[in-house]
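Notes follow once the structure below has been shown.
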There are 2 protein chains.
Amino acid sequence: MPARSERLPPVEPAPRDAGHAAKVEALVNEVIGRVADKWTMIVLEVLTEHGELRFTRIGEFAGGISQKMLTQTLRQMERDGLVLRTVHPVIPPRVEYRLTDLGLSLAEAFCGVWLWAEANIERIENARAAFDAAKAG
Amino acid sequence: MPARSERLPPVEPAPRDAGHAAKVEALVNEVIGRVADKWTMIVLEVLTEHGELRFTRIGEFAGGISQKMLTQTLRQMERDGLVLRTVHPVIPPRVEYRLTDLGLSLAEAFCGVWLWAEANIERIENARAAFDAAKAG
DNA sequence: CAGTATCCTTTATGATACTG
DNA sequence: CAGTATCATAAAGGATACTG
């Protein structure tokens, strides 16, 4: 995720608790920017659904992710404390990933979003069709 | 958001309700991929917090977004049926944006994530510091 | 198997200038 | 003000080859 530039700096419309609120919002935005990544969310979903999984299996469940992106996503999530990586020293290597408590709590927080997505797929598709039709006509 | 390639196709570990579950999951992933965009989430947050706003104001609250990305994000959200765009035919132009019911419902679903982010900023930063220290040492 | 390393193409985004 | 258009560049992502 690229760093955000300094154009259009945030303002405080309510001058009273200005500084603090803006700071908190900026930090929250930063954290959301970190986890609101497509593959992070999908891997989170997969590990929530299926529990502890091996590297290749996660890729299969995620659907269409390259090895590179899977490694990268899992490393980031490990670094953020969302997943725990366990290496079993056998040949061939067996590496298993599972959500940490922090990761589980994030998944729980995202649960509402998954349900929303499941419930509103059609509504979005209709809205898009209507928008495109209006633009064309 | 780029289309996902067809490498590592999704599998059905439980052969019983295989086809259906995989299809639903794929659709949900697709929708999540659409809305799990950094600026979409931030604009959603801003409009949730402040209600109806003008173009420039949204940019100010969002913090660090370029005009181009703001336009693009708002158009996408409008197309997805998440925001309503109202043009007041005056000079200078006055264009106001507010969330639709669908947008509000998404914001509600994301509420848990915002709270989570707010609550876990420090935990993530600690995890990162620990991970980096372990890697270095 | 579970990666790492590299190259290369596609996308995303920013900067800038212009317009109704 | 609220955009649009264009250019340039940074970043993301995929394909491929290689390794413990």
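Below, each value reflects all heavy atoms present in this structure, side chains not excepted, and no hydrogens, waters or symmetry copies. Chain naming here is simple, since letters A, B, ... match the order of the sequence lines and numbering starts at 1 in each. Owing to the predicted nature of the structure, the values given are computational and were not obtained by experimental measurement.
OP1 or OP2 of C:dA2 lies within a sub-4.0 Å distance of a side-chain N or O belonging to A:T56. The shortest distance between the side-chain N/O atoms of A:R54 and the OP1/OP2 oxygens of C:dC1 is not below 4.0 Å. An OP1 or OP2 oxygen of C:dG3 is reached within less than 4.0 angstrom by a side-chain nitrogen or oxygen of A:Y97. Within the structure, a side-chain polar atom (N or O) of B:R75 is placed less than 4.0 Å from OP1 or OP2 of D:dG3.
Between the C1' atom of D:dT19 and the CD1 atom of A:I91 lies a distance of 13 Å, rounded to the nearest Å. Computed from coordinates, the B:H88 NE2 to D:dG3 C1' distance equals 17 Å when rounded to whole Å. Atom CD1 in B:I65 sits about 15 Å away from atom C1' in C:dA15, given to the nearest Å. Separating the CD atom of B:E60 from the P atom of D:dC1 is a distance of 9 Å, rounded to the nearest angstrom. The NZ atom of A:K68 sits 12 Å away from the P atom of C:dA5 (whole-angstrom rounding). Atom CG of B:L70 is separated from atom P of C:dA15 by 14 Å (rounded to the nearest Å). Rounded to an integer number of Å, the gap from B:M69 CE to C:dT11 C1' is 10 Å. Spacing between atom CD of B:Q67 and atom P of C:dG14 amounts to 12 Å, rounded to whole angstrom units.
Remark: B:R79 CZ is packed, more than 12 non-hydrogen atoms of other residues, nucleotides or ligands lying under 6.0 Å away.
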Nucleotide pairing, DNA chain D (Watson-Crick or G-U, distances under 3.5 Å), in dot-bracket with [ ] and |: ||||||||||||||||||||

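Between A:E125 and A:R128 there is no salt bridge, since no side-chain N of the basic residue sits under 4.0 Å from a carboxylate O of the acidic one.
Residues satisfying the side-chain contact (heavy atoms from CB on, under 4.5 Å) criterion with A:R85, sequence neighbours excluded, are A:R75, A:E78, A:V87, A:V95, A:Y97. Considering only residues two or more places apart in sequence or on other chains, B:T73 meets the side chain to side chain donor-acceptor pair (under 3.5 Å) condition with none of them. Here B:R98 pairs with B:E52, B:L84 under the side-chain contact (heavy atoms from CB on, under 4.5 Å) rule; sequence neighbours left out.
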Could you list the donor-acceptor pairs under 3.5 angstrom formed between side-chain atoms of residues 101-112 of chain A and any protein atom two or more places apart in sequence or on another chain?
from, atom 1, to, atom 2, distance (Å)
A:S105, OG, A:L102, O, 2.7
A:S105, OG, B:W116, NE1, 2.7

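Residue A:P93 has its side chain nearest to D:dG20 when only C:dT4, D:dG3, D:dG20 are considered. Proximity note for B:V95 (side chain, C-beta onward) versus D:dG13, D:dG3, C:dG3: the nearest is D:dG3.
Residue pairs satisfying the salt bridge (charged side-chain N to carboxylate O under 4.0 Å, His left out) criterion with at least one member in residues 65-74 of chain A, sequence neighbours excluded, are absent.
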